[in-house]
Amino acid sequence: MIRPEDILTAIEARFPGLVLESSEQYGMLALVLKREEVFGALEFLRDHPTFQFNFLTTLCGLHFPEQKGRELGVMYQLHSWVNGIRLRIKTFFPIDDPQINTVTSLWPAANWMERETYDFFGVQFVGHPNLTRILNVEELEVFPLRKEYRLEDATRTDKDDRYFGRTGNYEQRF
């Protein structure tokens, strides 16, 4: 049986200094890694003879405007069908440098997930084969899932942005 600490130890041995944070949430190891080596770590986990994280369950964007210098991020959830274990990896970067390498060469299914993350959060996946909007119109000039836009009309009194993880400190762009 593979324990979360076995995975953490292997990653730290192969990539010293890569892990910024680690925790266990609901029995799943969750790591925050430096952006520069995320691709290498994901490839390592996929190809590792014991871990075999062969399935990318989820790839999505993150936006935490209050985290200066790490406002945007990407979260990957991996699954090892062979071992029946899951792993969550996050990485963060400045909103003014929203780039990270594509993982479509590791998991082709990442193609549409990366396009959706670009479409809604503005994350540029370097090396992506077709990084275009997938759900919004091409002419849209904003990234609507960033927490800098109001959810509702400001005149409504029956909705409160605080309940949706928004502090109200955002620019009105519409």
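Just so you know, residue 1 is the first one in the sequence shown, and it goes up from there.
Scored by the side-chain hydrogen bond (donor to acceptor under 3.5 Å, both in side chains) test, Arg14 finds no partners at all (sequence neighbours excluded). Checked against side-chain contact (heavy atoms from CB on, under 4.5 Å), Glu138 has the following partners two or more places apart in sequence or in another chain: Thr132, Arg133. For the side-chain contact (heavy atoms from CB on, under 4.5 Å) test, residues two or more places apart in sequence or in another chain that qualify with Thr50 are Ile2, His48. Scored by the side-chain hydrogen bond (donor to acceptor under 3.5 Å, both in side chains) test, Gln77 finds Arg88 as partners (sequence neighbours excluded). Annotation: side-chain hydrogen bond (donor to acceptor under 3.5 Å, both in side chains) contacts of Glu12 (sequence neighbours excluded): none. Partners of Ala10 by side-chain contact (heavy atoms from CB on, under 4.5 Å), not counting sequence neighbours, listed by chain and number: Phe44, Phe51. Under the rule for a side-chain contact (heavy atoms from CB on, under 4.5 Å), Pro108 has no partner lying at least two apart in sequence or in another chain. Remark: Asp47 pairs with no residue by the side-chain hydrogen bond (donor to acceptor under 3.5 Å, both in side chains) rule, at least two apart or across chains.
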Start with the C-alpha distance between Leu20 and Leu33, add both sets of side-chain angles, then the distance that settles side chain to side chain contact (heavy atoms under 4.5 Å, CB included), and finish with yes or no.
CA-CA 5 Å; Leu20 299 174; Leu33 306 179; over 6 Å; no
Test side chain to side chain contact (heavy atoms under 4.5 Å, CB included) on Val103 and Glu114 and set out the steps.
CA-CA 9 Å; Val103 295; Glu114 288 180 353; 3.4 Å; yes
Please determine whether salt bridge (charged side-chain N to carboxylate O under 4.0 Å, His left out) holds for the pair Glu36 and Lys34, giving the CA-CA distance in whole Å, both sets of side-chain angles, and the decisive distance to 0.1 Å.
CA-CA 6 Å; Glu36 296 75 24; Lys34 292 180 183 176; over 6 Å; no
Run the side chain to side chain contact (heavy atoms under 4.5 Å, CB included) check on Val38 and Tyr76 step by step: do they pass?
CA-CA 10 Å; Val38 167; Tyr76 306 87; 3.8 Å; yes
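The shortest side-chain heavy-atom distance between Leu45 and Ile7 falls under the 4.5 Å cut-off. Within the 4.5 Å cutoff, side-chain heavy atoms of Phe39 are placed close to those of Ser105. Counting only heavy atoms from C-beta outward, the side chains of Arg70 and Phe93 never approach each other to under 4.5 Å. Side-chain atoms of Leu78 and Leu42, non-hydrogen and from C-beta on, do get closer than 4.5 Å to each other. Residues Glu37 and Asn101 form no side-chain contact, since every pair of their non-hydrogen atoms from C-beta on lies 4.5 Å or further apart.
Atoms CD1 and CG, from Ile134 and Asp119 in turn, are 7.5 Å apart once rounded to the nearest 0.5 Å. Here the straight-line distance linking atom OG of Ser23 with atom CG of Leu31 works out to 8.0 Å at 0.5 Å rounding. The CD atom of Glu116 lies 9.0 Å from the CE atom of Met113; values are rounded to the nearest 0.5 Å. One finds the CD1 atom of Ile100 at 10.5 Å from the CG atom of Leu72 (value rounded to the nearest 0.5 Å). Summarising the geometry, atom CG belonging to Leu8 is positioned 8.5 Å from atom CD belonging to Glu5; distances are rounded to the nearest 0.5 Å. Here the CZ atom belonging to Arg115 is positioned 6.5 Å from the CG atom belonging to Asn111, to the nearest 0.5 angstrom.
In terms of hydrophobic clustering, with Ile, Leu, Val, Met, Phe, Trp and Tyr side chains grouped at heavy-atom distances under 4.5 Å, Val19 and Phe15 are assigned to a common cluster. Residues Val82 and Ile85 are members of separate hydrophobic clusters, defined by side-chain heavy-atom contacts under 4.5 angstrom among Ile, Leu, Val, Met, Phe, Trp and Tyr. Note: the hydrophobic cluster containing Met28 does not contain Val32 (ILVMFWY, side chain heavy atoms under 4.5 Å, direct or indirect links). Both Leu145 and Leu131 sit in one connected hydrophobic cluster of ILVMFWY residues. Membership requires side-chain heavy atoms under 4.5 Å apart, directly or through other members. Residues Phe92 and Ile95 are members of separate hydrophobic clusters, defined by side-chain heavy-atom contacts under 4.5 angstrom among Ile, Leu, Val, Met, Phe, Trp and Tyr.
In terms of heavy-atom proximity, Glu71 sits nearest to Pro94 at OE1-CA, 3.4 Å. Here the shortest heavy-atom pairing between Pro129 and Thr104 reads CD-OG1, 3.7 Å. Nearest heavy atoms, Asn136 versus Pro144: ND2-CG, 3.7 Å.
Judged by distance alone, the side chain of Arg146 and the main-chain N or O of Phe120 form no donor-acceptor pair under 3.5 Å.
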Which atom pairs, donor and acceptor, lie under 3.5 Å between side-chain atoms of residues 52-64 and protein residues at least two apart or in another chain?
| residue | atom | partner | partner atom | Å |
| --- | --- | --- | --- | --- |
| Gln52 | NE2 | Pro49 | O | 2.8 |
| Asn54 | OD1 | Trp81 | N | 3.3 |
| His63 | ND1 | Lys147 | N | 2.7 |

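The list of salt bridge (charged side-chain N to carboxylate O under 4.0 Å, His left out) pairs with a residue in residues 90-107, not counting sequence neighbours, reads Arg35-Asp97. Evaluation of the salt bridge (charged side-chain N to carboxylate O under 4.0 Å, His left out) test over residues 76-87, restricted to residues two or more places apart or in two chains, returns none. For the ring-ring contact (aromatic ring centres under 6.0 Å, His included) condition, the pairs that include at least one residue of residues 124-147, sequence neighbours left out, are Tyr118-Phe143.
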